[in-house]
2 protein chains.
Amino acid sequence: MSRADTSRRGSRPGRAGIRDVAAAAGVSITTVSDALNGKGRLPDATRRHVREVAERLGYRPSAAARTLRTGKSGLIGLTVTTYGDEPFTFTEFAYFAEMARAATSAALARGYALVILPATSRRSPVDVWSNVALDGTVVVDPSDHDPVVTELIRQGLPVVSDGRPPGTLPVTAWVDNDHEAAVTGILDHLAEAGARRIGLLTGTTTDTYTRLSTTAYLRWCERVGQDPVYEAYPAHDPCAGAVAADRLLARPDRPDAVYGLFDPNGTDLLAAARRYGLRVPEDLLLVCCSESAVYAGTEPPITTLSLKPRRIGTAVVQLLIDAIEGVAPEKPVEQVIPTELIVRTSSQRRPPRTTVSPPRVPEET
Amino acid sequence: MSRADTSRRGSRPGRAGIRDVAAAAGVSITTVSDALNGKGRLPDATRRHVREVAERLGYRPSAAARTLRTGKSGLIGLTVTTYGDEPFTFTEFAYFAEMARAATSAALARGYALVILPATSRRSPVDVWSNVALDGTVVVDPSDHDPVVTELIRQGLPVVSDGRPPGTLPVTAWVDNDHEAAVTGILDHLAEAGARRIGLLTGTTTDTYTRLSTTAYLRWCERVGQDPVYEAYPAHDPCAGAVAADRLLARPDRPDAVYGLFDPNGTDLLAAARRYGLRVPEDLLLVCCSESAVYAGTEPPITTLSLKPRRIGTAVVQLLIDAIEGVAPEKPVEQVIPTELIVRTSSQRRPPRTTVSPPRVPEET
DNA sequence: CCCGTTGACAGATACGTTTCTGCAAGGTCA
DNA sequence: TGACCTTGCAGAAACGTATCTGTCAACGGG
């Protein structure tokens, strides 16, 4: 028993450690680490030999040990403020899904992975947040004085938000659309198409998107001298949207054009218009904010505003990883992503050429 | 310099370690660990004191160190096989979004978090898979001989798949619908509503869902003596679906009822029917498999088959965590989730009472 | 012939926990 | 009064890696 007891201790069979590789290759642990990580000064022969032995043993470095040693985990948190009773609703609308998808792709391309985390740091039964080693976090639509964000920043972790942070929330960087400009552009577009009284379907929540969009609408109305006509409903309730759409079209001062702030508003408004015998676009012009492709196939196709969630998701992750790998900038970085208005039949009073359906062109999202 | 040099070494300021807490509380690190984790035999006074000191210092235990020591990370991988060129498409359809949402909720409720990972373990530039410590993995629709799944199983990690694993893929457990029964049920439903020739809109991919559904259709046709009428298209291409729907209705042996296997097929088929002047449901009965709520508001509302992705996502995670925390069962656990057919106007030749639109009832998904 | 330099590796330490083992003080029982 | 158990806590050994600090041989210049 001179040196035979260094074989393996309590490790589970099937998982080889760096020590096993070193022993099998006849070199030291240092050499194995350097050979596999491309560091140190090693002749190519040694490097190849070590790599070959590691491959043969099926060696996988322990992510936990590496994280502990280097301080980097390669993990990025992704969190969305909760709307209803569900802990999070990142797929409530197509926007979140697209944005999360793009963020995941961008992160993976740079060697990071996304961890989905709840917005509320409740302790039930353990706090998931403190159980995962994060290099940084993406926060979608943070609320004011968000305790999670504050705590993360206090720990020195970079936080990038999708959506302009409200109040004095000290995020590292943020990405957002110019919602005021988008709303103003849509209202101008509808007015140009002949709308005299434009209504708004908005939400009762106080998130930045809803707030900015609504005030932009009110300001536009004031500027052009139109009385505001809008209905607000809790955006997280799928049934409430249909009811609100109905209310809006049932008003005595019924609008002749409507912009809906949320994804399902298009179909809800279309259904409500059918119930009241209103033709779209002849009697009612329609635009809604959506990333869904179904509005290209409805009867009639509905004009939508795209917030470009893919570009936002990509930008957010790039900014975050830049902050993780580089030095965090002094002032928060702001990045504005332009929106895109996809004009379809529902917002054009005079169809471009003829009244029969034009040939479908492939939609690009 | 007798013992003063144990204060702090190279740790970043702002992050207190367990040693700092122990020193501040005047106890050993063992006592701190036991007090915070509810272990050991400590009087309540000591426990409270330690917790108070830890709170005051803002102590957060290092997840990496804990993972290294305990071997549990509290992280669950979530991966979806790639369809197109994108590394993954988990939000391609509403199904994946809903399923991922439910899986995340279920995981968080039990103290785990989900990490989104690519299906292909390509090395670009580093392998993300080996950079994250996982306790187990959820695989959606794994392909045959999936190298990632094989490697994970070889490492002794539990793997639960959404979708019956093809071939001899050795997963720990799996959850799926009874797709044959679902398709047969829909075809019976359509035949009962008066359909004489039922068509199918299916995919060219070889995943289990597409394969099982298509063969069930073919067997049903053989049983009732109908010639199969179907069109297949690459399901990951959003434009191809519209074209395939058009092709199906343009055939000389045009079907008088169609079942579409994928989410967007409903709107695509509806648009195609309008182009050919076919009334739904009078001239054409329509059913598609979808989780989207828009089909409750289309004109007419379209009957959909729900695969109950929330229940599947929940079940998959429960099974996986059971396997992580308990002893892995010898034989793979199989769990079948029933589907739900939401019958709407598009598949009822005779509307229930009257020809005017019935009052909308709140849909429950 | 000596010394400085460079290449190629090995030893040892630290990352921050959890937990096994140990140890004194005090109480109980024969 | 020992023997023995319980309580309340401390010491120290891992967990598996990355890296800092050597060490040793070869080598070339002066």
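Below, read A as the first sequence line, B as the second, and so on, with proteins coming before strands; counting in each chain starts at 1.
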Which part of the nucleic acid does A:T67 contact within heavy-atom distance under 4.0 Å: base, sugar-phosphate only, or nothing? nothing
When you measure from the side chain of A:I18, which nucleotide among C:dA10, D:dA10, D:dT17 comes out closest? D:dT17
Contacts of A:S73 that satisfy side-chain hydrogen bond (donor to acceptor under 3.5 Å, both in side chains) - sequence neighbours left out: A:D135
Listed pairs, N/O of protein and of nucleotides 23-27 of chain C, under 3.5 Å:
none

A:E151: what forms a salt bridge (charged side-chain N to carboxylate O under 4.0 Å, His left out) with it, not counting sequence neighbours? A:R154, B:R60
Gap between atoms CZ and P, on B:R19 and D:dA10 respectively (whole Å): 15 Å
Show me the pairs that pass side-chain hydrogen bond (donor to acceptor under 3.5 Å, both in side chains) and involve residues 29-42 of chain A, at least two apart or across chains. A:S28-A:T31
Tell me: OH of B:Y59 to P of C:dG16, nearest whole Å? 10 Å
Where the side chain of B:T31 is defined as all heavy atoms beyond and including C-beta, which of D:dG16, D:dA10, C:dT17 is the nearest nucleotide? D:dA10
A:T70: what forms a side-chain contact (heavy atoms from CB on, under 4.5 Å) with it, not counting sequence neighbours? A:R66, A:K72
Can you name the side-chain contact (heavy atoms from CB on, under 4.5 Å) partners of B:A64, sequence neighbours left out? A:T67, A:L68, B:S62
side-chain N/O B:S28 vs D:dA10 OP1/OP2, d < 4.0 Å: yes
Using a 3.5 Å distance criterion without hydrogens, assess whether the side chain of A:W129 forms a donor-acceptor pair with backbone atoms of A:A119. no
side-chain hydrogen bond (donor to acceptor under 3.5 Å, both in side chains) filter on B:E325, not counting sequence neighbours, yields B:R110, B:Y112
Distance in angstrom units between A:H49 NE2 and C:dA8 C1', rounded: 16 Å
For the residue pair A:L108 and B:I116, what are the closest heavy atoms and their distance? CD2-O, 4.4 Å
What nucleotide among D:dG16, C:dC9, C:dC15 has an atom nearest to a side-chain atom of B:L68? D:dG16
Using a cut-off of under 3.5 Å, enumerate the N/O to N/O pairs linking the protein to nucleotides 19-21 of chain C.
unit_1 : atom_1 : unit_2 : atom_2 : d
C:dT19 : OP2    : B:K39  : NZ     : 3.0
C:dT19 : O4     : B:T30  : OG1    : 3.2

Partner residues of B:T314 under the side-chain hydrogen bond (donor to acceptor under 3.5 Å, both in side chains) criterion, sequence neighbours left out: none
